[in-house]
Every structure is written in C-alpha cells, then in structure tokens.
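The structure appears right after this line, and notes come after that.
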Amino acid sequence: MSLKAISAKDAASLDKDLMEIGGWSLDQLMELAGLSVSQAVWRVHPPSAGKNVLVVCGPGNNGGDGLVAARHLAHYGYNPSVFYPKQGKNELYSRLRTQLENLSIPIIADGDAFSIALKETSLLVDAIFGFSFGGPLREPFGTVISEIERSSVPVLSVDAPSSWDIATGPPEEGPGARFMPSALISLSAPKPCVKFYSGRHFIGGRFLTKDIAEKYGLDLPKYPGIDQVMEVGVDADARI
Ligand SMILES: NC(=O)C1=CN([C@@H]2O[C@H](COP(=O)(O)OP(=O)(O)OC[C@H]3O[C@@H](n4cnc5c(N)ncnc54)[C@H](O)[C@@H]3O)[C@@H](O)[C@H]2O)[C@@H](O)CC1
Ligand SMILES: [K+]
C-alpha cells in the first residue's frame, strides 16, 4: 500500500492547523518528530552496528528534529555528535542546544571538524532541509551535501533527502544529483519527491487525527504497537 503524499504547501498548512486548531505547540510536534527519527535510527542502525552517529542539522525545523533526535540517541546509548553550521536563531533551538550541551553531545559548526567527524561516524542523519527547501542550494550546504554524497557513510534523511526539490526530486546536476540516502523517514506523510527515492522508508510523527488526515487526503499510518515509526511495506498493523 503506497501512502498518499502531501505537497510542501499542504504540509506547511497541516502544521499550521495542528498548532492553530489542533492545540499543539511546535515544541510538542518537534519532540514527537525527533523521537520518531531516533526510533528509525534504532531500526536501521542499532548500537551494535556502531554507536557513532553524526546528525547534520539545518537552520530550520528539520534541523530542530535533528537536535531532538540527537538527545534521544544519547539516552539510548549512542555517541551522537551534531554538525550545525547555521544555527537556528530562536528560543526553541537554543533550549534544544542547551539540552545537548548538558549531555556533553559535541555540537560542531566548522567545516573541517565536520570532515573529520564524517570519517569517524557509522551513520549520518540528514536533518538539513525538509519541506521548506527551495531554490539553488546556498552555501555552506552545497559543500556539505557534496561531501556527504562523496562519503560512503549510510544516510538516514529526515522528511526529504536534503537538496532534492520536494516535488521534482534530485537536481539534474551539482550537489545532490547523486544523493540517495539508504533510509528516509517521512513526517506525517511522504512528500512528493518520495517517488524518486529507493530505500527503506518509515513514517513518523504519530500525532495525526482522522479529521486532519481526511482534510489533507492522507492515510493514517498504522503504527505497530507503541512504536513511533511504521516501516512502509514492512510493518503490519499490530496495534494493541
Ligand atoms: N509536519 C510535521 O510533521 C512536522 C514538521 N517538522 C519539521 O519541519 C520541517 C519544515 O521546517 P521549516 O519550514 O522550518 O523548513 P526546513 O527546515 O525545511 O528548511 C528551512 C530552512 O532552510 C533554509 N533554506 C531553504 N532553502 C534553502 C536553500 N536552497 N539553500 C540554503 N538554505 C535553504 C531556509 O532559510 C530555512 O532556514 C519539516 O520538513 C519537518 O522536518 C517538525 O519540526 C514539526 C512537525
Ligand atoms: K532532510
């Protein structure tokens, strides 16, 4: 069963609905989104496969999901580090950063340190851009994406493979043209660019209601048991 995709425009308006009529705060949505990212990491890369996980965070809420995921990964026993070259400027991101600092999770901002960390990690979480990515890749992210593409480190992308156009997928050429993560977690619903993606696909963000799903023509994911992720095409509905 392939799940219905949601456009970037509708994804933004779904977020607005969740917060304006759904009673949700951004903190809560980001916490559940980041928690589901951490569970997808556990599914594709349990600590026995390597504890070093490098979370690359962009300046927006996709990056915020990465900050939240890094915290959960530390509590699970991984050694996460965060590369956060353009740090989001608001109170929520600074509180998330403080939570990471209090767990002694390294937050690196410099490109050379990123190159070193990339060589020492066994999984990279791509929390650079989500559904608000648009237009030609602005530095430093072209360089960052090219380095990720060139490395052999497996990647789990959050909501969309960063640098892909949310509707039309990977760029023809330049950074991102050969970027294919080995795992993807879509939040709330897949984005249209998922049709260009091949690899393990999870759905996360276990907070949709039937009404909101209907309003946007989405399927309600059948999360198994108490899990915060459902693997598309793998997990059967095992709800209690
Ligand atoms: N709907 C949901 O289920 C939820 C969504 N969340 C996350 O929020 C994300 C969307 O967050 P935002 O709307 O903040 O946007 P994004 O985090 O997708 O990206 C926006 C940031 O990237 C920069 N940017 C955009 N295009 C660029 C380019 N071409 N070159 C360089 N920089 C560029 C923008 O300046 C902005 O700072 C989703 O993808 C998801 O990961 C969660 O945090 C909350 C729950
Ligand atoms: K991403």
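Computation of the quantities below employed the complete heavy-atom set of this structure, encompassing side-chain atoms and omitting hydrogens, waters and symmetry-equivalent molecules. Every number for a ligand or one of its atoms is a count from 1 in the order of the listing. The model shown is predicted, which means the values in this text are computed figures rather than measured ones.
Atoms CG and CG, from Leu73 and Leu103 in turn, are 11.0 Å apart once rounded to the nearest 0.5 Å.
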Evaluate Leu54 against Leu123 for side chain to side chain contact (heavy atoms under 4.5 Å, CB included), listing each step before the verdict. CA-CA 6 Å; Leu54 177 56; Leu123 178 80; over 6 Å; no
- Are Arg43 and Asp235 close enough, and set up right, to give a salt bridge (Lys or Arg N to Asp or Glu O under 4.0 Å), and what steps lead you there? CA-CA 12 Å; Arg43 291 273 199 105; Asp235 286 331; 3.0 Å; yes
Q: Determine, stepwise, if the pair Arg71 / Glu31 fulfils salt bridge (Lys or Arg N to Asp or Glu O under 4.0 Å).
A: CA-CA 10 Å; Arg71 171 175 18 95; Glu31 188 63 33; 2.8 Å; yes
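Residue Ala160 counts as close to the K ion (ligand 2), with an N, O or S atom under 3.4 Å. Among the atoms of Gly130, none of the N, O or S atoms falls under 3.4 Å from the K ion (ligand 2). Among the atoms of Asp126, an N, O or S atom is found under 3.4 Å from the K ion (ligand 2). For Ser157, every N, O or S atom stays at 3.4 Å or more from the K ion (ligand 2). Within the 3.4 Å limit, Phe133 places no N, O or S atom next to the K ion (ligand 2).
The Asn62 neighbourhood of ligand 1 comprises atoms 8 (O), 9 (C), 11 (O), 17 (O), 39 (O), 41 (O), with distances under 4.0 Å to a heavy atom of that residue. Proximity to Asp159 (heavy-atom distance under 4.0 Å) selects the following atoms of ligand 1: 38 (C), 39 (O), 40 (C), 41 (O). Every atom of ligand 1 is numbered from 1 in the order shown, and the set under 4.0 Å from a heavy atom of Phe207 is 3 (O). Numbered from 1 in the order shown, with element, the atoms of ligand 1 that lie under 4.0 Å from a heavy atom of Leu187 read 3 (O), 40 (C), 41 (O). Listed by number with element, the atoms of ligand 1 under 4.0 Å from a non-hydrogen atom of Gly135 are 29 (N). Within ligand 1, the atoms closer than 4.0 Å to a non-hydrogen atom of Gly60 are 14 (O), 17 (O), numbered from 1 in the order shown. Taking every non-hydrogen atom of Asp15 and a distance limit under 4.0 Å, the qualifying atoms of ligand 1 come out as 1 (N), 2 (C), 4 (C), 5 (C).
Contacts with ligand 1 closer than 4.0 Å are made by heavy atoms of both the backbone and the side chain of Asn61.
Across Arg206 and Leu32, no two heavy atoms sit closer than the pair O-CD1, 4.5 Å.
A donor and an acceptor atom, one from each side chain of Asn52 and Thr121, are nowhere located under 3.5 Å apart. Side-chain N/O atoms of Ser151 and Glu147 include no donor and acceptor closer than 3.5 Å. For the residue pair Tyr216 and Ser13, a side-chain donor N or O sits within less than 3.5 Å of a side-chain acceptor on the partner.
For the pair Gly130 and ligand 1, the shortest N or O to N or O distance falls below 3.5 Å.
If you put the vertex on the K ion (ligand 2), O of Val158 and O of Phe129 sit 90° apart, to the nearest 10°. Geometry note: the K ion (ligand 2) is the vertex, Ser162 OG and Asn62 OD1 are the arms, and the angle is 100° (rounded to 10 degrees).
The closest approach between Ala11 and ligand 1 stays at or above 4.0 Å for every heavy atom of the residue. Contact annotation: Gly134 has at least one heavy atom less than 4.0 Å from an atom of ligand 1. Under the 4.0 angstrom criterion for non-hydrogen atoms, Pro136 is in contact with ligand 1.
Protein heavy atom nearest atom 23 (C) of ligand 1, with residue, atom name and distance: Phe129 CE2, 3.9 Å.
Using a 4.5 Å cut-off on side-chain heavy atoms (C-beta onward), Phe133 and Trp164 make no contact.
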